[in-house]
Amino acid sequence: MCSRSYGNSPPEGLGVYIHIPFCVRKCPYCGFASVATENIPERAYTEALLKELSMLVEEESLHKSVVDTIYLGGGTPSLLGPSSVETIIDGVLNSLPAPATPEVSMEVNPGTVDKERLSGFRQAGINRIVIGMQSLSQEGLKTLGRIHTPEDSLEAFRNAIEAGFTNIGVDLIYAIPGQTLKGWLEELSKVIELRPHHISLYELTMEDGTPFERLHLSGSLVMPDEQTIVRMYLEGTGLLKECGYIHYEISSFAIDGYQCRHNTRYWLSEDYVGLGVGAHSWLKERRSRWQNTEDLHQYMDALATGRPPVTTKRELSRMEALTERLLMGMRLTEGVDMGKIEEEFETNLRGLPQWGYLIDEGLLEERDDTVRFTERGILLSNEILALLMRS
Ligand code: SF4
């Protein structure tokens with residue numbers, strides 16, 4: 001077993017997430033905080049992000065927090081020019097202490113980059129890129145309303161290698177209307193042949209208020225049936241494992257040593273701050289959680305007048321923090337250290353009657369203090385956690 005362990009040695013320090021909310025076009029399934037625009041206020045938004053950071057460092061007394069991971073997500077961060085990306089990364093690294101090589105990730109839409117731009121991002125300090133291929137079928141991409149073709153994705157991958165990236169992730173979506181199990185496994189095989197360091201598989205879900213949700217409710221968008229979706233996940237997982245990828249989180253697979261440190265921080269409920277429209281933050285010791293406004297104009301106005309762009313901020317109760325710790329931690333396939341969690345939250349989950357039921361039903365697996373979902377348990381993870389918290 002060569003999987004790198006995170007459970008007992010979580011990433012230390014602070015993660016900084018930076019949300020870039022601009023897109024070329026709004027995809028009909030998308031529930032993220034993003035706006036389609038031709039005129040990106042690149043300079044003003046970059047300045048607002050850095051102003052938000054300096055306000056946060058003061059207000060939350062973060063001066064000594066060591067930035068271990070930075071993640072530019074969106075939206076479409078690759079719509080920003082390399083010089084803005086460099087300004088943002090330098091701004092973060094000049095405001096807070098950092099180790100010699102923090103993980104600096106960036107999401108890239110294949111329809112927005114060429115080799116020169118990717119080289120620019122590399123020089124700007126990005127050392128891990130995540131290419132949002134989503135599908136390698138032209139039909140699939142058309143259904144998803146994406147701006148790129150399968151060829152664009154393959155070219156972006158080649159260009160990323162030529163630009164010098166040595167840590168490349170690929171995001172894929174399955175359960176796309178019209179997609180078959182065979183077609184999905186063929187697409188996944190093509191991606192595996194590229195040997196990206198990291199692959200994420202996301203099931204297409206119907207997000208509130210999206211055109212896809214409306215079409216689905218009206219019956220004009222037909223998803224693959226439930227059984228096929230389960231097989232897509234399980235057979236996709238099997239294929240990746242056969243090909244040497246470590247399944248380290250429900251949706252995430254990596255060549256050993258290339259697990260995403262930033263996302264692992266979320267799953268272990270470690271500290272992170274989010275900058276930008278709609279970004280979330282969490283500071284563990286204070287159990288403090290807050291979220292920024294999802295409205296671009298409100299965000300810019302707040303920072304222009306020196307106000308925090310926060311819409312909700314509160315301290316989580318012990319029970320809420322415990323639920324979240326389990327909800328996120330159990331996503332990691334190596335499971336959670338239940339002894340540590342019970343001690344931290346002064347609780348005895350393993351003494352609950354439903355605990356024995358979940359073990360007996362083969363939904364949870366317990367070895368010493370480590371608890372994790374079984375393969376069947378992963379498919380019922382939300383229901384299982386709801387049952388545990390009903391006490
Ligand atoms: S590119 Fe991504 S963030 Fe932008 S609209 Fe499409 S799915 Fe949403």
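In each ligand, atom 1 is the first atom listed, and ligand 1 is the first ligand listed.
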Which is closest to atom 6 (Fe) of ligand 1 by heavy-atom distance: Gly31, Pro28, Cys27?
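That would be Cys27.
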Fit a plane to each ring of [X] and [Y], take the angle between them on a 0 to 90° scale, and name the class: parallel (under 30°), tilted (30 to 60°) or perpendicular (over 60°).
X: Tyr248; Y: Trp267; result: perpendicular
X: His262; Y: Tyr266; result: perpendicular
X: Tyr29; Y: Phe212; result: tilted

How far is [atom] from the closest protein heavy atom, and which atom is that?
atom: atom 3 (S) of ligand 1; answer: Gly75 N, 3.2 Å
atom: atom 7 (S) of ligand 1; answer: Tyr29 OH, 3.4 Å
atom: atom 2 (Fe) of ligand 1; answer: Arg146 NH1, 3.8 Å
atom: atom 8 (Fe) of ligand 1; answer: Cys30 SG, 2.3 Å

At under 4.0 Å between heavy atoms, is it the side chain or the backbone of Arg25 that contacts ligand 1, or both, or neither?
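Just the backbone.
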Counting only pairs under 3.5 Å, give me each side-chain donor-acceptor contact of residues 32-41, with atom names and distances, residues two or more places apart or in other chains.
unit_1: Ser34; atom_1: OG; unit_2: Lys26; atom_2: NZ; d: 2.6
unit_1: Thr37; atom_1: OG1; unit_2: Asn39; atom_2: N; d: 3.0
unit_1: Thr37; atom_1: OG1; unit_2: Asn39; atom_2: O; d: 3.2

Is atom 6 (Fe) of ligand 1 under 2.8 Å from any N, O or S atom of Cys23?
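Within the cut-off used here (under 2.8 Å), Cys23 places no N, O or S atom near atom 6 (Fe) of ligand 1.
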Should the pair Arg128 and Phe165 be classed as cation-pi, given the thresholds of under 6.0 Å to the six-membered ring centre and 45° from the axis?
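The answer is no, since Arg128 fails at least one limit relative to Phe165.
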Please walk me through it: do Glu60 and Arg286 pass salt bridge (Lys or Arg N to Asp or Glu O under 4.0 Å)?
CA-CA 10 Å; Glu60 302 293 337; Arg286 303 171 212 170; 2.7 Å; yes
